[in-house]
Enquirer: 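After the structure tokens below, expect a handful of questions from me.
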Number of protein chains: 2
Amino acid sequence: MDNLETYLTHQNKKRSSSNRTRREEAYERIKDAIRHAELKPGEPLSETRLSKLLGISRTPVREALHQLVQEGLVETAPGQTVTVASRSIQDVLDVVHIRSLLEPELVRLAAESISQAQIETLEGVVIKLEEAAKQHDLAAWAKVDVVFHDIIKEACPNKLLGQTVVQLKNRVHQVANIDTHTNPERLITCTQEHRVIFDAIKAKDSQAAKQAMETHISALTNSLLKRISYR
Amino acid sequence: MDNLETYLTHQNKKRSSSNRTRREEAYERIKDAIRHAELKPGEPLSETRLSKLLGISRTPVREALHQLVQEGLVETAPGQTVTVASRSIQDVLDVVHIRSLLEPELVRLAAESISQAQIETLEGVVIKLEEAAKQHDLAAWAKVDVVFHDIIKEACPNKLLGQTVVQLKNRVHQVANIDTHTNPERLITCTQEHRVIFDAIKAKDSQAAKQAMETHISALTNSLLKRISYR
DNA sequence: CGTAGACAGGTTGTATACATTAAGCTGTGC
DNA sequence: GCACAGCTTAATGTATACAACCTGTCTACG
């Protein structure tokens, strides 16, 4: 707990200027704390305690917590005290399963509507991905990966589809990168899979793009399943 | 606006006892008002005004509005004043498209895990559906339809999948029933489609159940597309 | 000795007061 | 008559005070 307080206080200085409202500030700081496992699953989050901790009054903190509840990162316990949600591997698999239904179609639609400018941007992103993978720079890779999927999302005319996928990913963000983070080999193959997806998009072959994404998520699933057997 | 006030006040008496917290009460009443088009798309929702209208203080009203924002029923306008979200037919089609990706799989998984007790309950529901359809009782049909999908959702081991589908449906609830509501013929065929789905589930034929749901949503999509051409 | 009830502490739910910002209007000056 | 500036108004964002509730413990009584 003491470490947590230090961490959150530290974040304060860094972020206070960039966040517009206190509510957003509270939201991001709590969210970050959960993602960095400073706030551990099952830990009760008292509004009063958090507000003291963050130096923000209860109202914005409370609103931030509500938002996190709706996103599934925290859950309301029987006694109404919200706690940090615990994520099982099954939860991650559930998310990936849904993604396997949505993302191939997302990419297919994107490939049909993507602009030339977006393709060029995307090409740069893929190259950055490949560079990051070669240098085993996980942090950089993860950042660029987000951009990659963001561009595809933007290119998809069904905005709600993109939004839904993002929500699903957020839900397991703190553990989702287990895959590439702990398996250097996956980082390489995963990057190759991205390249295949991009090539199909560039060729405006939407069916191929869809299949490439199916392959990608299938590989991801297998990697996760292997991980289970290690336990 | 005057009608709206009357309506909301009316709802007050009916619901105040059943809702536990003021926040939930505000949430449901505003949501209902939107669904019944008492609050029309584009209409600005002032927290102060709503709180006076509902006889609830700003805090719970504000929280209810935030929840509605996250569910996509209202949106934050540039000036930060939230307004009732407008739903185009394209929005509905977007939702249905995503459902076409998710619900067949939802039913497939449900068919594999459903208990005997749930099957029996579901059978009763299907019969009620058929009765309601014969009597052209739209209100009753819609209610039972919700139960039908609820049971399937419960039977699906991937809880997040069920939750995601429900969220998507909520998003267009105020216009989703356009289909059956304005087309008596669809009510009959739609009921038959439900029967086919149920029969497959009962037979524990998950593949057939999945295909039946695909057919169902496909028919729904076609019905909606016809509707567009009428404009 | 065991159980039931009451009290203490902390928690959330709610109301309200204050701060701040944006917009519209009015009044004045050109 | 038009344009600009300042003010009024009302909105949201924030803080805080109060109420109701639940829990867990301690005490008193059977």
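Lettering of chains follows the sequences in order, A, B, ..., and the numbering in each one begins at 1. Here the structure is a predicted model, which means the values were calculated and not measured.
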Enquirer: Once hydrogens and angles are ignored, does a donor-acceptor distance under 3.5 Å link the base of C:dG10 to the side chain of A:Arg49?
Expert: no
Enquirer: Is any side-chain heavy atom of B:Lys153 closer than 4.5 Å to a side-chain heavy atom of B:Val166?
Expert: yes
Enquirer: Mind calculating the distance between CD (A:Glu47) and C1' (C:dT14) to the nearest angstrom?
Expert: 12 Å
Enquirer: Please report the distance, rounded to the nearest Å, between CD in B:Glu24 and P in C:dT12.
Expert: 16 Å
Enquirer: Take atom CZ of B:Arg23 and atom P of D:dA19, then tell me their distance rounded to the nearest Å.
Expert: 23 Å
Enquirer: How long is the line joining CG of A:Leu50 and P of C:dG10, in whole Å?
Expert: 16 Å
Enquirer: Rounding to a whole Å, what distance do you find between B:Ile56:CD1 and C:dA15:P?
Expert: 7 Å
Enquirer: May I ask you to say whether A:Glu103 pairs ionically with A:Lys169, meaning some side-chain N is under 4.0 Å from a carboxylate O?
Expert: yes
Enquirer: Just to confirm, is there a sub-4.0 Å distance from OP1 or OP2 of D:dT12 to any side-chain nitrogen or oxygen of B:Thr48?
Expert: yes
Enquirer: For A:Arg22 and D:dT16, what is the distance between atoms CZ and C1' respectively, to the nearest whole Å?
Expert: 14 Å
Enquirer: Does a side-chain N-to-carboxylate-O contact under 4.0 Å join A:Glu105 and A:Arg108?
Expert: yes
Enquirer: Tell me whether the centres of the aromatic rings in B:His194 and B:His216 are closer together than 6.0 Å.
Expert: yes
Enquirer: Could you tell me the separation between the CG atom of B:Leu54 and the C1' atom of C:dA15, rounded to a whole number of Å?
Expert: 15 Å
Enquirer: Which nucleotide sits closest to the side chain of A:Thr21: C:dG13, D:dT12, D:dT14?
Expert: D:dT14
Enquirer: Looking at the side chain of A:Thr81, which of D:dA11, D:dA15, C:dT12 is the nearest nucleotide?
Expert: C:dT12
Enquirer: Check DNA chain C against residues 59-67 of chain B and give the residues with a non-hydrogen atom under 4.0 Å, in numerical order.
Expert: B:Thr59, B:Pro60
Enquirer: Atom CZ in B:Arg22, atom CG in B:Leu54: separation rounded to 0.5 Å?
Expert: 10.5 Å
Enquirer: Take atom NZ of B:Lys52 and atom P of C:dT14, then tell me their distance rounded to the nearest Å.
Expert: 20 Å
Enquirer: Are OP1 or OP2 of C:dT11 and a side-chain N or O of A:Arg58 less than 4.0 angstrom apart?
Expert: no
Enquirer: Please step through salt bridge (Lys or Arg N to Asp or Glu O under 4.0 Å) for the pair B:Arg49 and B:Glu43, ending with a clear verdict.
Expert: CA-CA 12 Å; B:Arg49 216 192 71 216; B:Glu43 186 167 344; 3.6 Å; yes
Enquirer: When you measure from the side chain of A:Lys159 to the backbone of A:Glu154, do you find a donor-acceptor pair of N or O atoms at a distance under 3.5 Å?
Expert: yes
